[in-house]
Every structure is written in structure tokens, then in C-alpha cells.
There are 2 protein chains.
Amino acid sequence: MVTSSAARRPETPRQYDAYDPSCPSRGLFDRLSDKWVGLVVSALGDGPLRYTDLARAVAGVSQKMLTQTLRTLERDGLVSRRVTPSVPVRVDYELTPLGWTLMPLLYAVKEWAEVHMAEVESARAAYDADR
Amino acid sequence: MVTSSAARRPETPRQYDAYDPSCPSRGLFDRLSDKWVGLVVSALGDGPLRYTDLARAVAGVSQKMLTQTLRTLERDGLVSRRVTPSVPVRVDYELTPLGWTLMPLLYAVKEWAEVHMAEVESARAAYDADR
DNA sequence: CCGGATCCTCTATGATACTG
DNA sequence: CAGTATCATAGAGGATCCGG
């Protein structure tokens, strides 16, 4: 008989807790809440993109922050970087399989912001009216 | 015949675009990517919480940031604040109906971080090994 | 075209102390 | 208990220049 506690909880073998500041997953969650990560990952949800195209898609991002964000995502195994040594050089970024599991979640938040923007704006107006 | 473009796209009447830095939804998306918003909203997913309980749930948050985050969420119509004028005063925070539509999305990201932490850590190790 | 290296500026955040 | 007010600071992020 092999009734481990894991067997009773088929999913979510909770060993990490993002609420705990000392848990590594807290740091990871913070990274995912980064200013540019959501937009970059969402943009790559439409397929691979060259550096410049990514910069155009995520309008307003500086070179520095785009590169820095991509490096971190690459290190975390969410994005892969492929260099084509042409002249000039061509660099494509693409979501890894792991990245693809995250993309829909961040994309959903982005969509939520777009869909509910009007409601939030009227909530703000109502709030501000009281003071 | 009433075939408006909206009729052809039943859902997502895209009028906001978070990729556009000048679009209000970009600002909203940035707010949702705030360092504490995800954890606070997720914590309230288990039901209403008093200020102190919230501070305990979202370990590591300072009074200042917790209050500031809650004020913003309240203004944006995601969280409601109820004061019970007892002695000492009791304040409960709760997700609004609008907040409830957002909570599962942020909670999913938090769960993703917890579930995939190990994979990310090994990706980091592999990346760092190459330099 | 891609992005590394610098310099510089703000602002987001924390620590601390105080109040109804 | 649930904040507000103040002060101080790290570091996020932008602008610019340079190089492969």
C-alpha cells in the first residue's frame, strides 16, 4: 500500500510559498511582477520576434531595460535567444516550453486591464468625488 | 442587417491597448504588476481580512506599503474597506465583485511561481554554468 | 542590428516615530 | 488596532555613447 500524502493531493505539491519572504518563489513572483516581463512575455505569445520588433511591440521600453529583461528571462529558462551571425547580426527571441506555460497567465492579466479599464476609471472617479 | 464590426468580434471589444504607453490600460497593467498587488489580492482570495491579518499573510510588507497598496486598490474599485468603529477600531478589507474577476489571474501567477520554482532554479544553474 | 558600458535622476520602498 | 508623517536610501530605469 502506497498512500503517501502526495497521493492524497494529486496536484500542487506545495513546497514553495510565495507569501514567505524567505522562499525563493517569492523572489520569482516578484520578477514576474516586473514592469516589463508581462509585456515582453505577452508579446512573444504571438511567436518569435527579433530584438527590434520586440522593442516596437513593447512600445516605450528602453534598450537597456529590454535587454536586461530578456537576459533575465533567458536565465530563468522562459525565453530562448538565437543568434544568426549574418551582417548585420540577427537575434530572435522565443518562448521556451516553460515560458509557454506562463505566457497565458500574464497575457490574461494584460487582457483584464484592457477589458476592465473603463470600470476602473469610473471607480476612480467615484472615489475621488468623495474627497 | 446589423453586421457591425463588433458583431463579428463577439468578445474583446479592443479599445484599449496595454502595449501602447499612452493608453490608460498600460498604466493599469503596470499597477497590477506592482510589487505587492499580486500578493494582497491573492491573500484576499480566501475571504475578507483585517489589516493586521493581511499584514501577517503578506509577510514582509511594511505598514506604509500595505496601506498604500490597499488605498490604490480601493480607489481602483478592486477592494472595499469597511470600518467597524469599536475600541480599538476594526477595519476589514474585501475584494469587490470587480476584484474577484482579477484575483484568479494573479493567484494563478503566484501558483505558477510556486509550482515551477524548481525548473527555474535549474535553468539558472544551467545558464550560470556557461560563464 | 544588437547590446554593452556609463552616468545620472528619480521614485519606490523601508525604517522609524507618532496618533485617534 | 490601524493607520499617518517624516526621513533616508537603494536601485530601477532612462539617456547617451560606443563597439562587434
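All chains are named by letter (A, B, ...) in the order of the sequence lines, taking the proteins before the strands, and each is independently numbered beginning at 1. Just so you know, these numbers use all the heavy atoms, side chains as well, and skip hydrogens, waters and symmetry mates.
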Intra- and interstrand pairs of DNA chain D - dot-bracket, Watson-Crick/G-U under 3.5 Å, | marks other strand: ||||||||||||||||||.|
Nearest heavy atoms of B:A43 and A:Y19, plus distance in Å: N-OH, 3.2 Å
Phosphate OP1/OP2 of D:dA2: any B:R81 side-chain N/O under 4.0 Å: no
Nucleotide D:dG13, atom P - distance to CD of A:Q68 in whole Å: 8 Å
Of residues 58-65 of chain A, the positions that come close to DNA chain D - non-hydrogen atoms, cut-off under 4.0 Å: A:S62, A:K64, A:M65
Near-strand residues of residues 29-51 of chain B, defined as heavy-atom separation under 4.0 angstrom from DNA chain D: B:R50, B:Y51
Heavy-atom check, side chain of B:L70 versus side chain of B:L66, under 4.5 Å: yes
A:T96 side-chain N/O to A:G99 backbone N/O, donor-acceptor pair under 3.5 Å: yes
Inter-residue atom distance B:M65.CE - B:D34.CG, 0.5 Å rounding: 6.0 Å
Exercise: identify the closest heavy-atom pair between A:W112 and B:L32: CE3-CD1, 3.7 Å
Shortest non-hydrogen contact between A:R26 and B:G60, atoms and distance: NH2-CA, 4.4 Å
Presence of A:Y93 side-chain N/O under 4.0 Å of C:dG3 phosphate oxygens OP1/OP2: yes
